[in-house]
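Read through the structure below, which is laid out as structure tokens, and then see the notes.
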Amino acid sequence: MKDIDAIAMLQDPVRRRLYEYVAAQGREVGRNEAAEAAGVARTLAAHHLDRLAEAGLLESGSRRLTGRSGPGAGRPAKVYTRARAERSVSLPARDYLTAAQLLAEAAEEAGLDAVLRAAAGRRGEALRGSVAPCGGLEEAMEMLAGRGYEPYLEGGEGGAGGEGGAGADGNQDAEGAVAVTGAAARAVRMRNCPFHAVAEHFPPLVCGMNLALLEGLFGVDGPVRARMDARPGECCVVIETSKNNEH
């Protein structure tokens, strides 16, 4: 399916709510959970989820949501995750990706890493403007969400975070969701890298640029700090409470 046709599938408001919910979880989502989140019947949710999978916007599979196996464990349920493929539409046609990759290749060959990081830091400061450095993790999440990073809170000491398990400070429900208590919410991770298409070809260059950009955006002497902590499938930067602000 062409990108424009796939994106057009999201014009339906119910379908869009379902897609946005599944995309925001960062894990497999069952039909019952998605239907409840969207406020629609399970049969209607199943129809729209399957249409989204057919369009290539979601990926589907099956697993037992109870976590049990063997006799009496029940039949596997259909689950959905956001598709890894990137979709975009530009009218008229543009090819910014090729330009970005060429510029990144030139910068890497010329050893301009430090120059790029300095420029990124200045851009981050310009985006922040005259306001004070970011005041905390909640404010950081709002800023990151506005720039497409898809942030989520990860558990602190002993916590396993929002992906795939519960630690000492998190409670896991039947479908794998983790609720992190306020005391354990010590860091912000990001499910999406806005620069992914370039970063996968030039990771040191682009990840260094991204870190400098966020350092400029949040400030380096405020209550939160950005640091490099790469994780497969996610942004290479983590935002956490600054050690200078801990008591």
Side-chain angles (χ1 to χ4, degrees), residues 1-70 72-89 141 144-155 159-167 170-180 188-197 199-200 230-236:
M1 181 177 288
K2 293 182 179 179
D3 285 4
I4 191 169
D5 296 322
I7 294 171
M9 296 282 290
L10 299 175
Q11 183 177 2
D12 182 283
V14 173
R15 200 172 291 158
R16 185 164 62 252
R17 289 202 303 273
L18 288 165
Y19 173 80
E20 290 174 346
Y21 180 78
V22 172
Q25 304 315 302
R27 57 177 172 80
E28 295 176 330
V29 174
R31 287 171 167 176
N32 287 339
E33 179 187 351
E36 183 177 353
V40 298
R42 182 184 184 278
T43 52
L44 180 60
H47 167 73
H48 285 304
L49 289 166
D50 285 342
R51 291 291 304 278
L52 290 167
E54 291 169 4
L57 294 172
L58 296 180
E59 295 177 357
S60 63
S62 61
R63 70 176 175 89
R64 290 186 173 89
L65 300 179
T66 61
R68 301 192 302 270
S69 60
R75 296 176 59 185
K78 200 163 188 179
V79 292
Y80 303 85
T81 56
R82 179 171 57 184
R84 291 182 289 271
E86 185 174 317
R87 302 281 189 170
S88 63
V89 174
M141 288 187 68
L144 291 166
R147 304 201 64 79
Y149 283 93
E150 299 181 7
Y152 68 92
L153 284 173
E154 181 182 57
E163 302 284 325
N171 299 314
Q172 186 172 15
D173 65 18
E175 296 213 27
V178 176
V180 182
V188 173
R189 288 193 176 272
M190 295 157 269
R191 292 192 175 96
N192 185 49
C193 171
F195 315 112
H196 171 73
E200 65 179 347
R231 177 180 287 185
E234 296 191 353
C235 177
C236 57

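Nothing fancy with the numbering, it's 1 onward along the sequence. Note that this is a predicted model, so its numbers are computed, not measured.
- Contact annotation: the side chain of Tyr80 never approaches that of Gln25 to less than 4.5 Å [non-hydrogen atoms, C-beta and beyond].
- Between Tyr152 and Met190, the shortest heavy-atom contact is CE2-N, 4.3 Å.
- When all heavy atoms are compared, the tightest approach of Val188 to Pro151 is CG1-CB, 3.6 Å.
- Annotation: salt bridge (charged side-chain N to carboxylate O under 4.0 Å, His left out) contacts of Arg82 (sequence neighbours excluded): Glu150.
- Evaluation of the salt bridge (charged side-chain N to carboxylate O under 4.0 Å, His left out) test over residues 3-17, restricted to residues two or more places apart or in two chains, returns Asp3-Arg87.
- Applying the 6.0 Å contact sphere to CD of Glu200 captures more than 12 heavy atoms from other residues, nucleotides or ligands.
- Using a 4.5 Å heavy-atom cutoff, the side chains of Val29 and Arg27 are in contact.
- Residues satisfying the side-chain hydrogen bond (donor to acceptor under 3.5 Å, both in side chains) test with Arg42, not counting sequence neighbours, are Asn32.
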Using side-chain contact (heavy atoms from CB on, under 4.5 Å), reason through Asp50 and Arg31 one step at a time and then give a plain yes or no. CA-CA 10 Å; Asp50 285 342; Arg31 287 171 167 176; 2.9 Å; yes

Cut-off 3.5 Å, no hydrogens considered: what does the side-chain donor-acceptor table look like for residues 53-61, sequence neighbours left out?
residue: Glu59; atom: OE1; partner: Arg84; partner atom: NH1; Å: 3.4

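- The distance from the NE2 atom of His196 to the CD atom of Glu234 is 12.5 Å, given to the nearest 0.5 Å.
- Among residues two or more places apart in sequence or in another chain, the side-chain hydrogen bond (donor to acceptor under 3.5 Å, both in side chains) test is passed with Tyr19 by none.
- More than 12 heavy-atom neighbours from other residues, nucleotides or ligands sit within 6.0 angstrom of CG on Leu44.
- Residues Leu49 and Ala34 come closest through the heavy atom pair CD1-CB, 4.0 Å.
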With side-chain contact (heavy atoms from CB on, under 4.5 Å) as the criterion, how do Tyr21 and Glu36 come out once you've worked through the C-alpha distance, each side chain's angles and the decisive distance to 0.1 Å? CA-CA 10 Å; Tyr21 180 78; Glu36 183 177 353; over 6 Å; no

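- Residues forming a side chain to side chain contact (heavy atoms under 4.5 Å, CB included) with Ala8 (at least two apart in sequence, or on another chain): none.
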